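In what follows, a single structure is set out as structure tokens and then discussed.
Note that the structure is a prediction, hence the values are computed from the model and not measured. Both ligands and their constituent atoms are indexed starting at 1 by order of listing.
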Amino acid sequence: MHTEYAQRRQRLMAKIGSGVAIFCSAPPAVNHADVEYNYRQDSDFYYLTGFTEPDAVAVFVPNHEEHKFILFVRPRNPEAEVWTGYRAGLEGAKEKYGADIAYDISELDQKLPQYLEKSDPLYYTFGRDQELNLKIIQHYQKLLFSYPKRGTGPTAIANASLLLASLRQIKSVYELEKVRKAIEISVEAHNQAFHSSRPLVFEYEIQAEMEHHFRKSGAMGVAYPSIVASGINSCILHYVDNNAQMHDGDLLLIDAGCCYDYYNADITRTFPVGGKFTTEQKIIYELVLEAQLAAIAEVKPNHPYNHSYDVAVKVITQGLLDLGILAGELDKLIEEKKYRPFFMHGIGHWLGLDVHDVGVYKLGETWQNLEENMIITMEPGIYIAPNAKAEEGQPEIHDRWKGIGIRIEDDVLVTATGNEVLTRGVPKSIAAMEK
Ligand code: GLY
Ligand code: MN
Ligand code: MN
């Protein structure tokens with residue numbers, strides 16, 4: 001996989017120009033009661049190196065004659081490796097990961113200045129590692145003091161993640177393969193969950209079945225904590241207790257996806273536990289589906305990101321108006337955001353190495369245009385809380401609507417001419433949701 005990472009670094013170097021960029025690994029794995037929890041590499045760091053160990057720093061200096069890609073890593077240590085796993089070490093950093101030179105991480109302070117003193121700006125993302133944040137500031141300040149004498153060195157610090165985000169947003173062939181695999185496994189799990197869900201089953205049984213399928217299929221695990229929310233739990237956006245028993249008449253909202261080789265899937269389906277929608281559930285489901293299909297139709301290249309949200313809002317607000325859940329004039333209701341108590345989140349997000357992947361949505365007043373090989377989720381929903389109260393000037397909410405929570409979420413690839421719904425393997429038509 002050398003070439004994929006080397007190509008990414010090439011593209012980054014072109015953006016760095018005469019600057020220097022520093023990326024650091026994610027903080028060490030959580031250690032609780034002497035047990036090490038799974039370590040997950042920082043996505044920027046992984047994107048550029050493929051290196052999965054903690055305590056590492058990568059430096060990129062395009063202007064340096066020999067050392068353009070420098071890795072600081074943990075040295076090999078047979079005693080420590082017995083406890084926490086094999087290390088690449090300095091040799092591995094060069095041979096396996098393609099660094100021009102590798103140093104012991106303990107030498108960072110000593111070796112770093114030579115790579116900073118001729119470059120401007122310094123790209124670095126102030127992150128969770130406060131100790132490193134401080135170190136970088138100290139190096140920067142020191143170099144700034146001697147700038148008048150030397151005439152070179154960083155005068156400005158810029159955000160390294162933003163520099164990378166525009167690259168990470170456009171998926172390569174290799175990345176698309178990984179996302180498709182994560183989606184394939186997640187689609188299978190959703191279809192299986194649909195068949196296993198019936199009255200008296202507990203939410204955690206469905207969660208267990210899905211997560212078993214993820215791991216059995218070679219996924220690293222869940223992309224995010226699985227949401228298996230029946231009945232009124234479907235109105236809680238981040239419900240993760242998953243401990244209720246399902247009953248006939250309940251809806252079941254499942255928002256779950258796996259992470260395969262660091263790439264994620266993110267899928268939501270909502271269906272009736274007992275096999276048949278109630279009249280009200282069916283009406284709201286149709287509305288969410290109509291909004292989602294309209295939103296997906298707006299996913300095409302050179303088209304602003306926010307169009308999907310705007311059409312979804314329009315469909316949902318018109319629908320709530322037709323049902324008498326809202327009252328007034330459509331444009332005014334939209335302008336005053338009267339749909340917000342029922343559709344309170346965005347239309348979707350970039351998807352990739354992170355579930356909520358990097359990428360700008362809006363620059364000043366201008367919305368980001370969609371481009372070929374971006375992946376975005378489309379996930380409108382309507383949630384009418386069991387204790388929903390009408391806003392001032394709005395009609396009382398009839399009990400028959402209360403406790404209905406519906407979201408439909410697909411992962412959508414922007415293609416040259418339009419889009420491809422990558423998660424189409426999980427049915428979502430009204431007919432398919434009933435059994
Ligand atoms: N499951 C997280 C999300 O849909 O954004
Ligand atoms: Mn999502
Ligand atoms: Mn989701």
Revision key, fill the gap. Honestly, for Asp266 the part within reach of ligand 1 (heavy atoms, under 4.0 Å) is side chain
Review point. With no hydrogens and no angle check, do the side chains of Tyr239 and Glu203 hold a donor and an acceptor under 3.5 Å apart?
Key: yes
Review point. Is the Trp367 to Tyr309 ring centre distance short of 6.0 Å?
Key: no
Practice item. Check all N, O or S atoms of Glu379 and name the one closest to the Mn ion (ligand 2). Key: OE2
Review point. Would the Phe45 and Phe23 ring centres measure less than 6.0 Å apart?
Key: no
Practice item. Give the atom name of whichever N/O/S atom in Glu409 sits closest to the Mn ion (ligand 3). Key: OE1
Practice item. Heavy-atom contacts with Asp255 under 4.0 Å: which atoms of ligand 1 show up? List them by number with element. Key: 1 (N), 4 (O)
**Study point:** N/O/S from Asp266 sitting under 2.8 Å away from the Mn ion (ligand 2)
**Key:** yes
Check your understanding: Tell me, which protein residue and heavy-atom name are nearest atom 5 (O) of ligand 1, and how many Å apart are they?
Key -> His356 NE2, 2.7 Å
Review point. Where does the angle between the aromatic ring planes of Tyr97 and Phe51 fall among parallel (under 30°), tilted (30 to 60°) and perpendicular (over 60°)?
Key: perpendicular
Review point. Looking only at N/O atoms, are Arg407 and ligand 1 under 3.5 Å apart anywhere?
Key: no
Check your understanding: Counting backbone and side chain alike, does His349 bring an N/O/S atom below 2.8 Å of the Mn ion (ligand 2)?
Key -> yes
Practice item. Could you label the plane-to-plane angle of the Tyr46 and Tyr262 rings as parallel, tilted or perpendicular, counting under 30° as parallel and over 60° as perpendicular? Key: parallel
Check your understanding: If you measure from each heavy atom of His345 to ligand 1, is any distance below 4.0 Å?
Key -> no
Exercise for review: Hey, can you tell me if His345 and Phe343 have their rings parallel, tilted or perpendicular (30° and 60° cut-offs)?
Suggested key: perpendicular
Check your understanding: Got a salt bridge between Asp410 and Arg269, using NZ or NE/NH1/NH2 to carboxylate O under 4.0 Å?
Key -> yes
